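Only one structure is covered here, and it is reproduced in the block below.
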2 protein chains.
Amino acid sequence: MAGVSVATVSRALRGLPNVAESTRGRVERAAEALNYHALPSASGLASGHSSNVSIAVPVLNSWYFSEVVAGAEAVLSESGYSLSVTAVPSPEERLGFVRGSAASRAAEGLIMVDLPLDDAEIEMLRAAPLGVVTTGFDCVVFPSVVVDNVGIGFKATQHLIDRGHTRIGLLNGQSEDPLHFTVPNDRARGYEQCLSAAGVSPDPRLACKGNFSTAGGLAAMAELLRLSDPPSAVFAMSDEMAFGAIWAARNAGLSIPEDLAVIGVDNHDLAEMMGLTTICQDVDQHGVVAARRLVEVLEGRGAAAGPVEVATRLIVRTTT
Amino acid sequence: MAGVSVATVSRALRGLPNVAESTRGRVERAAEALNYHALPSASGLASGHSSNVSIAVPVLNSWYFSEVVAGAEAVLSESGYSLSVTAVPSPEERLGFVRGSAASRAAEGLIMVDLPLDDAEIEMLRAAPLGVVTTGFDCVVFPSVVVDNVGIGFKATQHLIDRGHTRIGLLNGQSEDPLHFTVPNDRARGYEQCLSAAGVSPDPRLACKGNFSTAGGLAAMAELLRLSDPPSAVFAMSDEMAFGAIWAARNAGLSIPEDLAVIGVDNHDLAEMMGLTTICQDVDQHGVVAARRLVEVLEGRGAAAGPVEVATRLIVRTTT
DNA sequence: GTGAAAGCGCTAACAA
DNA sequence: TTGTTAGCGCTTTCAC
């Protein structure tokens with residue numbers, strides 16, 4: 001329709017140089033009229049590039065991960081990549097996913113969200129012709145995006161200490177993969193370090209597991225409140241657990257922040273309404289930054305291996 | 001490595017018939033040892049099948065849509081399909097997405113979630129060699145999954161009437177695409193029908209827009225409470241708006257359900273904790289059913305066009 | 001600046 | 001039951 005060869009069509013439509021502008025125009029108009037798009041599997045086969053990247057998360061239906069995926073999707077679709085999502089709830093499935101991704105070249109890039117890789121997996125991915133970016137753990141062989149979880153625990157605890165609290169409960173997450181998922185441990189470490197720095201010795205009875213869920217936070221807080229000497233404040237490792245804590249206090253007839261101060265982590269959508277003081281970690285930015293680094297890798301613009309840290313900040317509201 | 005031709009490898013690995021079991025075993029072992037997987041773009045090009053399906057949602061970072069996507073992903077990955085996600089926030093982007101999907105054959109199946117198609121879009125998709133399933137609107141040309149939104153509005157309102165309420169507020173969603181997004185209108189219709197059936201004439205001042213968000217529900221409820229004759233109960237079209245309503249009541253010093261009864265729709269993760277009475281619509285099942293119907297289409301097992309309805313049920317808790 | 005032609009790594013006839 | 005071979009629809013050399 002444009003009166004040129006298939007090679008010229010290919011060059012023109014992909015914006016390559018050495019195509020006369022008049023020719024490019026004719027080709028583009030013809031493509032438009034025919035609603036022609038190159039077949040991805042054919043161009044992928046010929047060029048070796050699929051323009052497809054894959055993101056793996058532990059679960060899809062959680063506030064945190066859907067924010068990350070949304071952030072990544074926005075960047076990637078902007079850059080012309082399609083995004084395949086996979087839920088990888090167990091270490092076995094993680095291994096299967098990594099094997100498959102490394103071998104099949106279905107995607108040319110991979111974002112592993114809060115899925116720490118073991119040495120064998122790292123080796124498989126390193127050997128594969130694949131861009132890899134990780135999130136949530138301190139990976140040195142691939143570009144990664146992390147937050148300072150020790151710092152988060154410290155900052156949150158410090159805020160409660162600044163408010164005059166010394167008896168501070170801890171709603172811990174729970175590590176399903178204790179070998180590698182370090183977030184809860186790091187935040188707990190920050191909590192302990194801060195207490196020590198303030199001259200308070202941590203009371204292990206004040207630490208409960210809340211499983212990063214609202215229901216877990218509710219149950220854990222209820223337990224803490226049954227103590228003979230309950231805490232006057234609590235640091236929840238996620239806002240969702242903090243919501244549970246707020247509700248447990250409410251059920252116990254306590255006022256917040258008078259009887260119980262609460263601080264969370266995330267700045268969840270509901271945090272503002274609930275007046276929850278929190279350490280905001282701009283979750284969608286985790287996805288955005290990871291995707292940007294991946295695009296850099298795929299387009300050959302470096303992106304040195306190693307972690308990039310996303311900033312966090314305290315947002316004071318009415319629960320403290 | 002298995003001592004056979006590429007054709008036999010292809011047949012053996014895809015589980016086709018007419019391969020000796022001993023041969024299949026040798027091929028599978030060799031593939032395992034070499035970590036060989038067929039290159040998707042090559043097999044896609046040769047066979048015409050990409051084993052890739054695409055799901056489009058208005059936004060990714062919302063409770064509702066992440067549940068739908070999670071449900072679909074579970075079914076599709078089980079069936080051997082990869083799932084590409086795209087956020088399509090505006091009608092213009094919807095058109096672009098539909099054009100691209102129809103023309104490029106990047107995916108062989110499409111799930112459109114709460115993205116009503118206009119006639120031109122339906123025509124493009126119908127003409128394309130593509131399986132299509134829609135969700136959330138009553139599509140007759142493609143298989144679709146729907147809920148009885150009029151029924152939801154009726155059931156919710158009836159429950160409040162059964163509790164003795166006659167002055168019942170309505171927290172409406174808001175339709176961004178008023179031409180096609182019928183959910184809010186349908187639920188409002190159910191509300192009105194129920195009131196009429198009970199001999200109550202709807203008061204338009206009791207209907208507010210809450211934009212399907214918690215913040216919107218909070219603001220809308222606050223407004224209703226400022227009325228000289230505020231409602232004694234409120235039907236929120238989503239649990240997230242209901243959370244806002246609960247909080248507005250709390251801020252106004254009202255007790256729930258004594259001073260204000262609240263009912264929502266969804267059975268959101270937090271509904272149980274908040275004690276929210278709601279019309280459960282098993283959101284993840286929307287994704288599951290849509291994905292299952294798509295797989296049927298792609299595998300040639302029929303799946304007649306037209307809507308399949310997902311059931312809803314009342315869950316009574318303490319806000320009514 | 002453009003065209004001809006040789007693949008990319010598979011699958012699907014067809015033959016054996 | 002297995003092998004041979006001709007594509008699938010592009011991209012990419014290499015000529016011109």
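First the proteins, then the strands, lettered A, B, ... as listed; each starts at 1. The model shown is predicted, which means the values in this text are computed figures rather than measured ones.
- Between dT11(D) and Ser47(A), no contact under 4.0 Å exists linking OP1 or OP2 to a side-chain N or O.
- The Ala46(A) side chain lies nearest to dG9(D) when the options are dG9(D), dC8(D), dG1(C).
- In this structure, His37(B) places its NE2 atom 16 Å from C1' of dG9(C), rounding to the nearest Å.
- For the helix from dG1(C)-dC16(D) to dA16(C)-dT1(D), the terminal axes (five pairs an end, C1' atoms, rotation from four pairs onto the next four) enclose an angle of 30°, given to 10 degrees.
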Notebook entry, point to check: Given Ser62(B) and Phe212(B), is the side chain to side chain contact (heavy atoms under 4.5 Å, CB included) satisfied, shown in steps?
Noted result: CA-CA 10 Å; Ser62(B) 98; Phe212(B) 282 122; over 6 Å; no
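- Distances shorter than 4.0 Å separate some side-chain N or O of Ser10(A) from OP1 or OP2 on dT11(D).
- Ion pairing between a basic and an acidic side chain is recognised when a charged N comes within 4.0 Å of a carboxylate O; Glu21(B) and Arg24(B) show such pairing.
- In terms of phosphate contacts, Arg11(B) brings no side-chain nitrogen or oxygen within less than 4.0 Å of OP1 or OP2 of dT2(D).
- The side chain of Arg14(B) contributes an N or O atom lying less than 4.0 Å from OP1 or OP2 of dA12(C).
- DNA chain D is contacted by both Ala20(B) and Ala42(B); Ala20(B) maps to the nucleotide lying nearer its 5′ end (nearest heavy atom per residue).
- For dC10(D), the OP1/OP2 oxygens have no side-chain nitrogen or oxygen of Ser43(A) closer than 4.0 Å.
- Side-chain nitrogen and oxygen atoms of Thr8(A) include none within less than 4.0 Å of the OP1 or OP2 phosphate oxygen of dT2(C).
- Residue side chain Arg105(A) does not reach the base of dG9(C) through any donor-acceptor N/O pair under 3.5 Å, judged by distance alone.
- Remark on DNA chain C: of its neighbouring residues Val6(A) and Asn18(A), the 5'-side contact belongs to Asn18(A), judged by nearest-heavy-atom nucleotide.
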